[in-house]
Amino acid sequence: MDVAELDRILLAGAAVLLVAIVAIRLTGRIGLPSLLIYLLMGLLLGESGPGGIQFEDAQLAHALGFAALVVILTEGGLTTRWNEVRPVMPLGVVLATLGVAVSVGVVACVAHYGLGVDWQTAVLIGAITSPTDAAAVFSVLRRVPIRPRLRGALEAESGLNDAPTVLLVTLVSTGEVGEKGLLHFSGLVLYELVVGALFGFLIGWISVGLIRRIALGSAGLYPLAILSLAFISYAGGAVLLHVSGFAAVYVTSLVLGRAELPHRMATRSFVDGIAWLAQIGLFVMLGLLASPGRIGWDDAAVALVIGIAVTVVGRFAAVTLSALPFRLPWKEQAFISWAGLRGAVPIVLATIPLAEGVPNADRIFDVVFVLVFLFTLLQGPSLPWVAKRLNVLDENAASEVDIDVAPLESLGADMLQVHVPSESRLAGVEIGELRLPGGVSVSLVIRGDRAFVPDLRTVLRADDSLLVVAPTPLRDQTVRRLRAVSRAGRLAGWFGERGRDPQ
């Protein structure tokens with residue numbers, strides 16, 4: 001490759017990226033996962049489209065797909081609200097294990113007895129299509145104001161169910177499940193999930209202490225350090241302990257996201273951008289790998305049958321059985337069932353049999369590709385309507401305030417950077433009505449392109465940014481108070497709002 005060729009590649013890549021970024025805004029307005037646009041872009045750039053790019057390296061797609069999933073899981077863990085996930089983590093674990101097993105069984109039976117495929121192919125189809133996708137779930141559900149425990153359960157499930165399905169697809173593709181039996185596989189899944197999660201927690205705990213104690217020379221180094229630690233968790237678990245790197249990196253990211261780290265909002269913004277880049281690259285690459293000319297009407301019909309089996313029958317059975325010990329209302333079970341979005345994960349899993357040379361692997365990939373495209377197009381835009389019909393919307397959602405922390409070590413204080421979103425009840429409240437702890441002061445208000453020092457009668461407005469200086473021992477109390485007023489307004493306290501995060 002010479003410089004001229006590199007210039008052409010950079011020009012094309014930048015143009016594709018810019019179109020993809022614009023597509024995020026367009027698809028967000030209608031609740032459609034942007035992955036569909038990226039897949040279409042990949043198809044247009046591929047061998048059957050105007051781009052004419054030939055890409056058939058399934059092993060490279062498999063490897064790059066796993067790397068992209070690590071970044072996506074890292075962003076998901078960092079931005080997941082721990083107070084929402086913690087109460088429903090047991091449900092998420094059951095959905096990611098028992099729920100996946102039930103779904104795989106249902107789909108495999110439909111494929112074998114209904115479509116007449118052999119058992120290996122049937123189990124592969126079931127295992128590939130059963131997991132929900134973290135990228136699709138995170139991007140769509142965070143725009144739908146559903147109850148926190150529902151969002152927490154779905155996010156926990158999508159973050160954890162990659163591990164057992166990756167293992168199952170790999171073992172079936174290599175023929176090891178038939179050789180070693182179901183009991184061996186169940187023990188292996190248990191080991192990989194449990195030890196992987198424990199390893200991820202350990203790396204996360206060490207990382208929090210390390211980042212808090214080491215003052216880096218630039219704020220931009222903190223996001224790089226956290227992303228590096230996430231990859232260490234994934235690769236360390238996979239290489240050193242032979243456990244699920246996906247479980248490890250998700251738990252590590254949850255721990256890091258929960259901790260009050262320096263420049264946390266800047267870190268989240270950086271990782272969010274990298275995660276979008278990973279999603280765009282992943283879906284465009286998977287679109288390149290697909291061959292529309294190879295997909296016939298029979299493949300579309302099979303995709304429709306399998307899609308109905310996994311989305312309606314298998315998913316509802318999985319959620320119903322998984323939710324039995326937790327006594328979820330039927331409306332919440334119905335929403336969790338419908339909100340199990342597929343996306344990159346099934347298509348990436350479909351590259352495993354391709355890379356292993358499994359018979360009929362090409363057709364499996366084509367069927368999964370069509371299935372993901374059709375059912376994401378159906379489920380994604382319908383989620384707000386379904387949530388409203390099932391009455392699972394949260395009236396107090398989207399009222400949290402974004403707070404970042406910049407350490408002032410020499411003063412024994414922290415500077416809190418507070419942004420007032422349009423939905424927050426901080427808007428309209430006077431500085432004096434915040435009733436912050438003694439010794440805490442609002443030192444600056446940034447409004448539009450103007451910055452000024454407020455007094456006690458200054459009224460906050462939507463989209464204001466505040467700089468609040470708090471002694472370190474009072475930081476957590478100050479954050480709780482700001483969030484209380486953000487949710488309940490100036491009368492927070494009289495209505496029982498004590499600043500605790502909502503459960």
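Along the sequence shown, the residues carry numbers beginning at 1.
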Quick one about Asp272 and Thr79 (side-chain donor to acceptor, distance below 3.5 Å, no hydrogens or angles considered), yes or no?
no

Residues that Trp205 engages under ring-ring contact (aromatic ring centres under 6.0 Å, His included), provided they are two or more places apart
none

Donor-acceptor pair, distance only, cut-off 3.5 Å: does the side chain of Arg268 make one with the backbone of Gly257?
yes

So which heavy atom on Val284 is nearest to which on Met41, and how close?
CG2-CB, 4.4 Å

Applying side chain to side chain donor-acceptor pair (under 3.5 Å), can you list everything that pairs with Arg258, at least two apart in sequence or on another chain?
none

Applying side chain to side chain contact (heavy atoms under 4.5 Å, CB included), can you list everything that pairs with Pro164, at least two apart in sequence or on another chain?
Val189, Leu193

Quick one: does any side-chain atom of Ser486 pair with a main-chain N or O of Leu482 as donor and acceptor, under 3.5 Å?
no

Sub-4.5 Å side-chain heavy-atom contact between Asp133 and Leu341
no

Residues which pass side chain to side chain contact (heavy atoms under 4.5 Å, CB included) with Ala68, listed by chain and number, not counting sequence neighbours:
Ala278, Leu282

Would a 4.5 Å heavy-atom cut-off, applied to side chains only, mark Leu39 and Ile347 as touching?
yes

Distance-only donor-acceptor pairs under 3.5 Å for side chains of residues 302-325, two or more places apart:
{"unit_1": "Thr311", "atom_1": "OG1", "unit_2": "Gly307", "atom_2": "O", "d": "2.8"}
{"unit_1": "Arg315", "atom_1": "NE", "unit_2": "Ile336", "atom_2": "O", "d": "3.4"}
{"unit_1": "Arg315", "atom_1": "NE", "unit_2": "Ser337", "atom_2": "O", "d": "3.4"}
{"unit_1": "Arg315", "atom_1": "NH1", "unit_2": "Glu157", "atom_2": "OE2", "d": "2.6"}
{"unit_1": "Arg315", "atom_1": "NH2", "unit_2": "Glu157", "atom_2": "OE1", "d": "3.1"}
{"unit_1": "Arg315", "atom_1": "NH2", "unit_2": "Ile336", "atom_2": "O", "d": "2.9"}
{"unit_1": "Thr320", "atom_1": "OG1", "unit_2": "Phe316", "atom_2": "O", "d": "2.7"}
{"unit_1": "Ser322", "atom_1": "OG", "unit_2": "Ala318", "atom_2": "O", "d": "2.7"}

Expected output: side-chain Thr165 to main-chain Asp162 donor-acceptor under 3.5 Å
yes

Minimum side-chain heavy-atom gap Ser207-Leu256 below 4.5 Å
yes

Test log, rule side-chain contact (heavy atoms from CB on, under 4.5 Å), inputs Lys388 and Trp385
CA-CA 5 Å; Lys388 185 176 181 180; Trp385 180 84; 5.8 Å; no

Quick one: does any side-chain atom of Thr121 pair with a main-chain N or O of Val117 as donor and acceptor, under 3.5 Å?
no

With sequence neighbours left out, the residues meeting side chain to side chain contact (heavy atoms under 4.5 Å, CB included) with Leu188 are Leu167, Leu171, His184, Glu192

Could you check whether Arg149 pairs with Glu332 (Lys NZ or Arg NE/NH1/NH2 to Asp/Glu carboxylate O, under 4.0 Å)?
yes

Contacts under 3.5 angstrom, residues 228-246 side chains, donor-acceptor by atom type, not counting sequence neighbours:
{"unit_1": "Ser228", "atom_1": "OG", "unit_2": "Leu224", "atom_2": "O", "d": "2.8"}
{"unit_1": "Ser233", "atom_1": "OG", "unit_2": "Ala248", "atom_2": "O", "d": "3.1"}
{"unit_1": "Ser233", "atom_1": "OG", "unit_2": "Thr252", "atom_2": "OG1", "d": "2.7"}
{"unit_1": "Ser244", "atom_1": "OG", "unit_2": "Phe246", "atom_2": "N", "d": "3.4"}
{"unit_1": "Ser244", "atom_1": "OG", "unit_2": "Ala247", "atom_2": "N", "d": "3.1"}

For residues 93-122, which residue pairs qualify under ring pair (Phe, Tyr, Trp, His ring centres under 6.0 Å), counting only residues two or more places apart or in two chains?
His112-Trp119, Tyr113-Trp119

Glu356: salt bridge (charged side-chain N to carboxylate O under 4.0 Å, His left out) partners, not counting sequence neighbours
none

Check for a donor-acceptor pair, side chain of Thr376 on one end and backbone N or O of Phe373 on the other, with a separation under 3.5 Å.
no

Salt bridge (charged side-chain N to carboxylate O under 4.0 Å, His left out) partners for Arg363, two or more places apart
Asp298, Asp299

I want to check something: taking the side chain as every heavy atom from C-beta on, are Leu254 and Thr80 in contact at a cut-off of under 4.5 Å?
yes

Taking the side chain as every heavy atom from C-beta outward, state whether Phe283 and Ile37 have any atom pair closer than 4.5 Å.
no

List for me each residue that meets side chain to side chain contact (heavy atoms under 4.5 Å, CB included) alongside Pro359, sequence neighbours excluded, and say none if there are none.
none

Side chains of residues 91-104: which donor-acceptor partners sit under 3.5 Å, not counting sequence neighbours?
{"unit_1": "Thr97", "atom_1": "OG1", "unit_2": "Val93", "atom_2": "O", "d": "2.8"}
{"unit_1": "Thr97", "atom_1": "OG1", "unit_2": "Val94", "atom_2": "O", "d": "3.4"}
{"unit_1": "Ser103", "atom_1": "OG", "unit_2": "Ser130", "atom_2": "OG", "d": "2.9"}

Taking every non-hydrogen atom, the tightest pair across Ala387 and Phe335
CB-CE1, 3.6 Å

Minimum side-chain heavy-atom gap Arg147-Leu393 below 4.5 Å
no

Short question: side chain of Gln379, backbone of Trp338 - any donor-acceptor pair under 3.5 Å?
yes

Side chain to side chain, Gln120 and Val172, heavy atoms closer than 4.5 Å
yes

Under 3.5 Å donor-acceptor, Arg151 side chain and Ile146 backbone
yes

